[in-house]
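Here the structure comes first, spelled out in structure tokens, and everything after it is commentary.
All figures in this text were calculated on a predicted structure; none of them were measured in a lab.
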Amino acid sequence: MDKYFQEPGHCAMRGTCGRLGMFGRDLPCPFDGPAQEPESNSARRLLVSVCGPEYAEGPVCCTADQVETLRENFNQVDGLVSTCPACRNNFRSFFCSFTCSPDQGSFVNITSTQVTSTGENAVKSLDFYVGEEHGVGFFDSCKNVQVGATNGYAMDLIGGGAKNYSSFLKYLGDEKPIGSPFQIDFPLTAPSSVIPYNPSTRNCADNDLGSRCACIDCPSICAALPDVPAPGAGSTCTIGPFSCLSFVLIFVYALGTLAFFAGYIIQVTVRHRREKTYERVALSEETSSPRSHTRGLVGAASLAQYLDEDSIGGPSDSRNMGRGVTLLDPIEAVQPRQYPLNNLLRRTFYRLGLFTANSPLLTFSLVFFLIGILNTGWRSFEVETDPVRLWVAHTSESKLQKEFFDQNFGPFYRTEQIFITASPASVDQSTNETEPTPLESRPVLSWNHLRYWADVESDIRSLRSPKGHKLTDVCFKPAGPRGACVVQSVMAWFGNDIDNYDEDTWADALLTCAYDPVSCLPDFQQPLGPHYVLGGVPENEGGSKDYLNSEALVVTYVVSDSLDQRIQRRAIEWEETLRAYLVDLSQRAPLEAGLTISFSTGVSLEEEINKSTNTDVRIVVLSYLAMFFYVALSLGSGAAIRDEDGVLSSLTQWARNFPRLFTGGHTASSSLSIDSRTHPTLFPRLPRSLFVGSKFTLGLFGITLVILSVSSSVGFFSFLGVKVTLIIAEVIPFLVLAVGVDNVFILVHELDRQNVMHGPNAAVSNIGDGFTTPMSPNASHRSPFDSSHDDVDAASVPVFLSAEERVARTLARMGPSILLSTITETVAFALGALVPMPAVRNFALYAAGSVFFNAFLQVTVFSSAMLLDLKRVEASRVDCFPCIRLPARLALLDAPPQPGSGLGRMGKFIRRYYAPFLLQPLVKGIVLVTFAGVFVASVISIQHIQLGLDQRLALPSDSYLVDYFDKLDAYLDIGPPVYFVARNIDLTARPGQQELCGRFTTCDDFSVANVLEAERKRPESSFIAEPSASWIDDFFGWLDPAKEECCRVRKADPTIFCGPRDSSRLCQPCFRGRTPAWNITMDGLPEHDEFMQYLQQWLESPTTEDCPLAGKASFGTALSINSDGTDVVASHFRTFHTPLKTQDHFINAFAAAQRIAAEISELTGADVFPYSLFYVFFDQYAHIVAITQEVLGLGLGSVLVVTALLLGSWRAGTIVTGVVALTVITVMGVMAVWDISLNAISLVNLVISLGIAVEFCAHVARAFMSAGSGLPVDHPASQKERDERMWTALVDVGPSVLSGITFTKLIGMSVMALTRSKLLEIYYFRMWLTLIISGALHGLVLLPVILSLAGGPGFPQQEADEEWMSNAIRNDYEYTTPFIADDDSVASD
């Protein structure tokens, strides 16, 4: 049929000619004739009411039956587009003209016909010629119209998601079950004889009421929002690839480095020239004074100018007289400085040590009684596992908002989600070990796969928990208790019954539902978009979605949650049953159907994290055991008996002598004096130190005290109601072990030094005049710290002291150092309790308590334990078996003790090599330059630290959830839902309504709905992907009398609402005949009591195809109404985030939602806040940078105050604080390099790094300040004096710090490297390894250099000076400068 009717008044079709089948719809009849008048006046009235006043007169090409069909179809569409009059009227005008226009024949051509069931000839297909201008205008008026209930667009439902007018018209014209009953084609070009249908269209921005749309549906009229840059896209200062800060740091560092090396070269050149000039003078002076040569003095170069000046008047003969004391010319001599607090602390600790040594049993009884009382608090012990109460402060806005949301709208749903993908063809399907990569991904949709999955869903629906609960008992039912469960699955498109389809029809049916979800409503009566159920959808060349080649099926079961524990337990029980079923299914699905199943249930995450924790416990315990054994075995290694071979040398000597046992060559004359070590024996002659000198028991006791301190802290704070967290359980023992073991090593090493000076062997060569007999433990003791000792001469100082006295002196010397580190760390940790985050606050409290209790135990019961162990050694009793006593060996001590004879291998290495090397001027400069470079690199790196904690890291590496999260990132094309909650608004009054609405012309320009729509249009900064579900717009739209099946009342009594089953004959639209009539200006819409009356009816009205705007299913949980039904307490607007793949996405989405809510509140005066399930967990990242600055800032401030006070020098305190800060900065710099994000766990580790850095620095700084002679900084010899003091400090405490912290923790970390847990590897192994190495380098390399250059005058320990002088006089040997590399020291080392 190719005839075109161009004459006005002619039709191409008219009337109906039957249907194709029983369930088909009426088809129009071809009609080649003039237009005709309507059949009756009622037909004319019907036509005018449906198509408008332009049809009030004149002939038409339609009958009353056709107009009635139009009216029914329009009613369905009106529920979607009526909020935009331009779209609604264009839609009506388009189809009214197509059906009824008297000029129909000029633009419609029938191309084929068909015979109906009644035997009549009906239209099968036709061409409808539409002008491009009209098509574009029609499409543009509807393309932005939104459907709040679906968080989507009307175009998705009435136009198949069309992106242009031609696709829109094609979708409207395609023959389909729900749509056109015949094919309507829209040719883009028309023959010259045809006049296309091309009237002008309405525009949504026009001012007349028949066209004007609200901002939410017509972006061109929206008020512009201020620009907000996307995260990371803001204007930042950059110079090339570097930030301005990085560039400035690099530039300054480069200049400083160049200046340093240039200055050094100049200094060396000048010195070289001066040395040549005065070479003869120097040689003559050296020849005349052989005792004045420096003999390799470290630091001599720094004194060149002073030495040269001294050489003019004569050779300098000042010699160091011990432990930092320099004998100067009488004119330059100064009295040693005294620090009253220092003296007080030493006297106090001396008396405490004397008491604990003299009364060990009483000490044990009193202290352990107190510890027992503290541990009674374990009765109140509780572990906090709720993530919300762990990571979110009690006063946090996110926590309070979550509680408000849960109380008013109910807790967020529990989701059970499954991803179904095709197993890769290259993978052996007998296993499920290899996961598909993007290159291996194959389409998952096939007839066999759908049939298999239909059976799986049937099994899931019939699953019963142990107590008999099924899915229908726990699922979310938006239509009420008798409604259907929300199951978002592709099977819902098939009505959960695929038996009605076959291998030939399933694909067409699926495509129909994917393009038109409204035509395939699931049983829960809400359109199900393809992005909810299909993942990995590729695009065709034209940019359209190729749904049949989707790579994944996404199935989501929505389970109701509740604040009622009984209801919640029921849901958890069913979820556990589902989890067990899916675990089994994931193992057999690859074999049975070639499908890979990845899933998560509501109980999965907590179960898998607990499983990971149980796995990690073994590694953590093994790590601690390794550290325990190292401490116990190495504690006595530095206290070997003098001149005794070690284990290895003894075994070597025995192996050499053993053959002589059988050759007879070992006999010798008895008159000859032989070395018994060369005599062959049947068994090796092991050193006595292996049995007697060992301190395994003492080390084990020290570790026990660490455990007791942690236990006491837990008991004390549990009694106070502070709950324990998993972080505390894993981290606190590590921290206290680091601090406690260091103190143990320091005390034991100092006691070894006291034994060398005042032990039994020290008195052997001193019997005679001036020898003082050992004091009885019960004798009256006078503290050596009670006076200035000005009247003490050499002979008055006893060489041999009792064991009690030695322990007391040990505690007197090291107690203040332990006190310094303990107070500093305790205060620093305690200040961390000011942080509102419970996990960090609780950690800070437990850490402060554990460190304090550990130090208390060490200066009390451990001192008593040292006394008992010392007496055991002197009685030659075997360690661990004190009942066994070895016979004494003859000790031949013809020579006095050699320098360094009380040092272990580490101490000798530091004394002989490390300290002299480090304190050379050039080395100091290189150290400063190197650490400055590390600082610059760290600051640059810190700028790249990421925030967040990927939950996959907390899972076992073989957890099924790892694969689920990977599939979630790869295939889910929609982000999590977000709700914008509005409260404290009077919604019964018009101003309150206008603050929320968006689809009416009088709505506030910056109302909640309008702002959310404007933000949706910039998803790169708002992270909002979908239109918001505006309940108030749908509610007012439900009142529109044009929607005849929505709000209805009885004709006989308008005060009574009609139900969905009431006949239309008895009911009428609520607002029909109302004055003023319903309109988009909101004039006449209900207010006050009437508003609440209609609102409650709307919330009870079921959402159906006839009335999709009814609120029961879509908005039943979106409003919270007070108990008496007179006011809306709160309501929410639902939308969705863009797909969030990374931690940055989640953090930025949270920040964007907070910003949007704050702006809405500011613009409208309404109280608006955002809520999404993950917000409460990501709230910490909105404050964590500030919290980190606060915690570390307070910690460093406390370090400064305490160290300056206890060291007696603000300069030394500032240096220590600066080095501690540099240590933490270095750790933070490595975090970015080693992919360690900033979160609560890493924040706790940063606090630990501050504490351990203090431990590294405090003892060294204290030893440095206690070795001084009080020379002013500007004294010519002050540099030399500081170098000597630093040398002494490193020799005294360096071995203890290395053995106590560095090696102990490195051993523990080496075991931690074996873990399979990514969380342990990244946040414990990597970070702790970094902080240990950084702390050791800064504390033992940088700090000594800075103190030797800029450290202030010290406070000498006078009694130690007197002792050394006394030893020098009694043993008749010259006490030499420690820096002088003499032959004796070489031999002793």
Can you give the donor-acceptor pairs under 3.5 Å from side chains of residues 700-708 to other protein atoms, not counting sequence neighbours?
unit_1 : atom_1 : unit_2 : atom_2 : d
Thr704 : OG1    : Leu700 : O      : 2.8

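Taking NE2 from His749 and CZ from Arg753, the interatomic distance works out to 13.0 Å, rounded to the nearest 0.5 Å. Summarising the geometry, atom CG belonging to Leu1347 is positioned 11.5 Å from atom CG belonging to Asp1283; distances are rounded to the nearest 0.5 Å. Atom OG1 of Thr1203 is separated from atom CH2 of Trp1210 by 8.0 Å, given to the nearest 0.5 angstrom.
Looking only at side-chain heavy atoms (C-beta outward), Phe862 and Val748 come within less than 4.5 Å of each other. Annotation: side chain of Phe800 is not in contact with side chain of His758 (no heavy-atom distance under 4.5 Å). With a 4.5 Å cut-off on side-chain heavy atoms, Met814 and Val1293 count as touching. Inter-residue side-chain proximity for Arg872 and Thr697 is flagged as unmet; no heavy-atom pair is nearer than 4.5 Å. By the 4.5 Å heavy-atom criterion applied to side chains, Ile910 and Leu1298 are counted as neighbours. For the pair Gln754 and Leu870, the minimum side-chain heavy-atom distance is 4.5 Å or more. Using a 4.5 Å cut-off on side-chain heavy atoms (C-beta onward), Leu370 and Phe856 make contact. When side chains are defined from C-beta on, His1338 does not count as touching Cys1257, because their heavy atoms never get closer than 4.5 Å.
Looking at Glu750 and Arg806, no side-chain N of the basic residue comes within less than 4.0 Å of a carboxylate O on the acidic one, giving no salt bridge. Note on Lys871 versus Glu804: salt bridge recorded, some NZ/NE/NH1/NH2 to OD/OE distance being below 4.0 Å.
Judged by distance alone, the side chain of Asp869 and the main-chain N or O of Ala865 form no donor-acceptor pair under 3.5 Å. Checked by atom type and distance alone, the side chain of Thr1223 pairs as donor or acceptor with a backbone atom of Val1219 at under 3.5 Å. A distance-only check finds a donor-acceptor pair linking the side chain of Ser802 to the backbone of Glu805 [under 3.5 Å]. No donor-acceptor pair under 3.5 Å is formed between the side chain of Asn854 and the backbone N or O of Ser850. With Arg346 contributing its side chain and Ala812 its backbone, the two residues share no donor-acceptor pair below 3.5 Å. In this structure a side-chain-to-backbone donor-acceptor pair under 3.5 Å is missing from Ser1266 to Ala1263.
Shortest non-hydrogen contact noted between Ser864 and Phe364 is CB-CZ, 4.0 Å. The two atoms that bring Pro1344 and Leu1290 nearest to each other are CG-CD2, 3.8 Å, heavy atoms only. Between Thr824 and Ser1198, the closest heavy-atom pair is O-OG, 4.3 Å. Closest approach of Ala830 to Ala848, counting heavy atoms only: N-CB, 3.9 Å. Residues His1259 and Ser817 approach most closely at ND1-OG, 2.5 Å, considering heavy atoms. The minimum heavy-atom distance between Asn743 and Glu1255, with the atom names listed, is OD1-OE2, 3.1 Å.
Phe909 and Tyr913 have tilted rings, their planes meeting at an angle from 30° to 60° on a 0 to 90° scale.
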Verdict with supporting geometry, Val1297 and Phe745, side chain to side chain contact (heavy atoms under 4.5 Å, CB included):
CA-CA 8 Å; Val1297 173; Phe745 273 89; over 6 Å; no
Intermediate values then yes/no, side chain to side chain contact (heavy atoms under 4.5 Å, CB included), Leu867 and Thr356
CA-CA 9 Å; Leu867 182 279; Thr356 58; over 6 Å; no
Report the C-alpha distance between Leu811 and Tyr350 in whole Å, list the side-chain angles of each, state the deciding distance to 0.1 Å, and finish with yes or no for side chain to side chain contact (heavy atoms under 4.5 Å, CB included).
CA-CA 6 Å; Leu811 194 60; Tyr350 173 81; over 6 Å; no
Could you go through the side chain to side chain contact (heavy atoms under 4.5 Å, CB included) check for Ile1215 and Leu1343 one step at a time?
CA-CA 8 Å; Ile1215 292 174; Leu1343 180 64; 3.8 Å; yes
Could you go step by step and tell me if Asp1292 and Arg813 meet the salt bridge (Lys or Arg N to Asp or Glu O under 4.0 Å) rule?
CA-CA 11 Å; Asp1292 280 353; Arg813 188 162 186 273; 2.7 Å; yes
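Sparse packing is recorded around CZ of Phe852, with 12 or fewer heavy atoms of other residues, nucleotides or ligands lying under 6.0 Å away.
Applying the ring-ring contact (aromatic ring centres under 6.0 Å, His included) rule to Phe853 yields no partners; only residues at least two apart in sequence or on another chain are considered.
Using modelled atom types, one finds a donor on one side chain and an acceptor on the other under 3.5 Å when comparing Arg1262 with Asn342.
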